Amino acid sequence: MSRLIEAKGLSAGFGGTDVLSGVDFHIDGGEIVTVVGPNGSGKSTLMRMLVGALSPRAGRITRMPGLRLGYVPQRLSIDPTLPLSVSRFLDLPRPAGRAAKAAMLERVGISALADRPLAGLSGGQYQRALLARALLVDPHLLILDEATQGMDQRGSADFYALIATLREEMGTAVLMVSHELHVVMSASDRVVCLNGHVCCEGAPEIVSSAPEYRALFGTGTHGALALYRHEHDHSHDHDHHHGHGHDHGDRHHHDHGAALDKTGTDN
Ligand SMILES: Nc1ncnc2c1ncn2[C@@H]1O[C@H](COP(=O)(O)OP(=O)(O)OP(=O)(O)O)[C@@H](O)[C@H]1O
């Protein structure tokens with residue numbers, strides 16, 4: 001399988017502050033990889049380096065020759081007073097054909113909104129418009145940075161189901177940053193847990209039982225990160241889990257030791 005991006009020893013910082021150091025990362029064709037980490041842990045910074053929007057302070061990024069990237073950034077600075085329709089937005093930065101735009105809007109489920117002002121879309125509709133724009137380049141790799149922010153639980157579940165469908169149809173690799181672990185981890189081939197460096201990485205079940213991961217997300221995150229699995233041998237704040245009470249208390253896992261020697265080396 002082709003390697004789309006390989007990064008070695010990446011470091012990043014702003015002014016006198018180091019944000020990332022010594023990060024190795026790779027993604028291959030067709031893979032779904034999720035990057036998790038607390039606020040400010042450098043997830044968006046890593047995405048921006050991978051797409052070439054930010055230069056690393058140290059390290060090297062190798063991209064497959066001719067790599068086409070579709071990027072849905074966490075924030076897009078578009079003047080909300082700009083009278084920009086969805087259809088015209090899809091022409092940025094490169095004009096796309098009318099038929100291609102219509103087909104893509106249909107595909108992401110907002111075909112009726114082509115002529116609506118971008119600024120008037122709901123959060124979920126807006127993210128679908130961003131997704132349509134990213135997909136118009138027929139990317140080898142789709143990068144989604146918190147693509148479901150501002151959506152309700154149903155909206156984000158629908159969005160990730162759409163991503164899964166599109167990935168099957170188009171064969172695109174997907175790299176996502178998400179706080180919705182219960183939705184995205186189970187669908188990921190690999191999870192990378194970041195906190196200024198790669199704390200642990202591997203299959204979702206490996207990462208979710210890794211001590212480094214638990215140290216970050218087991219307590220004190222106010223449930224922004226719903227745990228992929230629930231276990232009873234560690235403490236975390238049960239009051240803050242967001243609406244996923246389907247398996248509380250009835251799943252027990254006994255594979256903790258197995259995870260220990262895999263963490264940090266799985267790649
Ligand atoms: N352009 C910038 N100038 C100065 N500091 C920055 C800049 N971009 C990011 N930072 C800082 O770098 C750190 C990492 O930011 P980044 O956005 O990568 O984190 P993140 O893991 O994506 O966080 P979140 O989950 O909150 O989106 C933060 O402390 C942030 O304030």
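When a ligand or atom number is given, it counts from 1 through the structure's own listing order. Not measured: the values here are computed from a predicted model.
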* Any side-chain heavy-atom pair of Val108 and Leu162 under 4.5 Å -> yes
* Do any nitrogen or oxygen atoms of Phe14 come within less than 3.5 Å of a nitrogen or oxygen of ligand 1? -> no
* Nearest to atom 15 (O) of ligand 1, what protein heavy atom do you find, and at what distance? -> Thr45 OG1, 3.8 Å
* Side chains of Leu131 and Phe159 in contact at under 4.5 Å (non-hydrogen atoms) -> yes
* Asked: Is Glu169 paired with Arg107 through a side-chain N to carboxylate O contact shorter than 4.0 Å?
  -> yes
* Should you measure from each heavy atom of Val19, which atoms of ligand 1 turn up under 4.0 Å away? -> 12 (O), 13 (C), 14 (C)
* Asked: Do the side chains of Arg60 and Glu6 get nearer than 4.5 Å, heavy atoms only?
  -> no
* Please verify whether a non-hydrogen atom of Gly37 lies at under 4.0 Å from ligand 1. => no
* Does some side-chain heavy atom of Leu20 sit less than 4.5 Å from a side-chain heavy atom of Leu194? -> yes
* To do: Specify whether the nearest protein heavy atom to atom 2 (C) of ligand 1 is under 4.0 angstrom away.
  => yes
* To do: Classify the side-chain pair Ser188/Thr34 by whether it contains a donor and acceptor separated by less than 3.5 Å.
  => yes
* Any side-chain heavy-atom pair from Asp138 and Leu136 closer than 4.5 angstrom? -> no
* Asked: Starting from atom 26 (O) of ligand 1, which protein heavy atom do you reach first, and at what distance in Å?
  -> Asn39 ND2, 3.0 Å
* For atom 31 (O) of ligand 1, is some protein heavy-atom partner under 4.0 Å away? -> no
* For atom 23 (O) of ligand 1, grab the closest protein heavy atom and report residue, atom and distance to one decimal in Å. => Gly40 N, 2.8 Å
* Closest protein heavy atom to atom 27 (O) of ligand 1, given as residue, atom name and distance to 0.1 Å -> Gln74 NE2, 3.2 Å
* Asked: What protein heavy atom sits nearest atom 25 (O) of ligand 1, and how far off is it?
  -> Lys43 NZ, 2.7 Å
* Asked: Mind checking whether Met64 and Arg3 have side chains closer than 4.5 Å, heavy atoms only?
  -> no
* Mark up the atoms of ligand 1 that fall under 4.0 Å of a heavy atom belonging to Pro38, in ascending order. => 21 (O)
* **Those atoms of ligand 1 less than 4.0 Å from some heavy atom in Ser44** => 17 (O), 18 (O), 20 (P), 22 (O)
